Amino acid sequence: MAPTDPRILAIHRASSDYAENWAGEDGIRAHARAKAAEIGCVAMGPGAGAIVRTLAAAIDAKNVVEIGTGAGVSALWLLDGMHPDGVLTSVDIEAEHQLIAKDAISQAGIAPNRVRLINGRADEVLDRLTESAYDIVLIAGKPVDLAGNISRALTLLRTGGVLIVDRALWNDKLADPAQRDPDTVAMRGAVEALAVGEEFIGSLLPVGGGLLVAVKV
């Protein structure tokens, strides 16, 4: 049973906040986060970003796909952990968002040939990418598209590659069965399908808005 004592809850919250901000966030990421807020994007938090960076470093990721560029916050975390010659392919339907991300990536001093920003629908772009060629696929798109994007990620990832789904607890709605709006239902269905499927071995981490991490077997 979850604790109800206000003092314990306060300690848990303090620990959560401490862990969320433990890795810190440089000025470029902070600026990109502010730009994300201006254009209505929800940027990856520093706690989730630190995990993403760690995963990229742990497998020396060289080929990575990101679905949902936003203002470039998650791209900066990924690139920070990837192999120095690694290439990130980031897909977003909003050209304006990618212009902002491109500026953030440039400010971070990342070579232009390390990032491919592709403007378009994920379902159209991903089908043109090489199968079984990617170390990481990070999904930060709309919940209604999640199941289809996970299926495409399964095709793109090599064996041992890592699937990451950002905001996987969907604004803390996933655990509440009373929440039945279309986005929550779509997110819940996709996350629960991953839990019982045999294609991935994963974990759902309660960091930021939730981070689902799974390895293709």
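Since this is a predicted model, take the numbers as computed values, not measurements.
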Output all residues satisfying salt bridge (Lys or Arg N to Asp or Glu O under 4.0 Å) with D181, sequence neighbours left out; order by chain, then residue number.
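With sequence neighbours excluded, D181 shows a salt bridge (Lys or Arg N to Asp or Glu O under 4.0 Å) to K173, given in chain and number order.
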
Applying side chain to side chain donor-acceptor pair (under 3.5 Å), which residue pairs with at least one partner in residues 40-58 are found, sequence neighbours left out?
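Sorted result for residues 40-58: R53-D80.
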
Provide the full list of side chain to side chain donor-acceptor pair (under 3.5 Å) pairs with a residue in residues 30-40, sequence neighbours left out, each pair given once.
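Applying side chain to side chain donor-acceptor pair (under 3.5 Å) to every pair that reaches into residues 30-40, excluding sequence neighbours, yields E25-R33, K35-E38.
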
Closest non-hydrogen atom pair, L212 against V191
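That closest heavy-atom pairing would be CD1-CG1, 3.9 Å.
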
Which one of D166, L169, L138, L204 satisfies the side-chain contact (heavy atoms from CB on, under 4.5 Å) criterion with L211?
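Single side-chain contact (heavy atoms from CB on, under 4.5 Å) partner of L211 among D166, L169, L138, L204: D166.
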
By side-chain hydrogen bond (donor to acceptor under 3.5 Å, both in side chains), which residues pair with D26, not counting sequence neighbours?
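For D26, the residues satisfying side-chain hydrogen bond (donor to acceptor under 3.5 Å, both in side chains) (neighbours in sequence not counted) are R29.
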
Looking at D172, I'd like to know if its CG atom is crowded, meaning that more than 12 non-hydrogen atoms belonging to other residues, nucleotides or ligands lie closer than 6.0 Å.
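For D172, atom CG is not crowded (no more than 12 foreign heavy atoms under 6.0 Å).
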
Tell me whether [X] shares a hydrophobic cluster with [Y], the cluster being built from Ile, Leu, Val, Met, Phe, Trp, Tyr side chains joined at under 4.5 Å.
{"X": "V87", "Y": "I110", "answer": "no"}
{"X": "L126", "Y": "I118", "answer": "yes"}
{"X": "I136", "Y": "I139", "answer": "no"}

Contacts under 3.5 angstrom, residues 39-52 side chains, donor-acceptor by atom type, not counting sequence neighbours:
none

Run the salt-bridge test on K142 and D183 with the 4.0 Å N-O cut-off and return the result as yes or no.
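No.
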
Working for salt bridge (charged side-chain N to carboxylate O under 4.0 Å, His left out), residues R152 and D127:
CA-CA 7 Å; R152 294 180 184 91; D127 288 343; 3.7 Å; yes

For residues 66-78, which side-chain donor-acceptor pairs fall under 3.5 Å, sequence neighbours excluded?
{"unit_1": "E66", "atom_1": "OE1", "unit_2": "S90", "atom_2": "OG", "d": "2.6"}
{"unit_1": "E66", "atom_1": "OE2", "unit_2": "S74", "atom_2": "OG", "d": "2.3"}
{"unit_1": "T69", "atom_1": "OG1", "unit_2": "S90", "atom_2": "OG", "d": "2.6"}
{"unit_1": "T69", "atom_1": "OG1", "unit_2": "Q98", "atom_2": "NE2", "d": "3.1"}

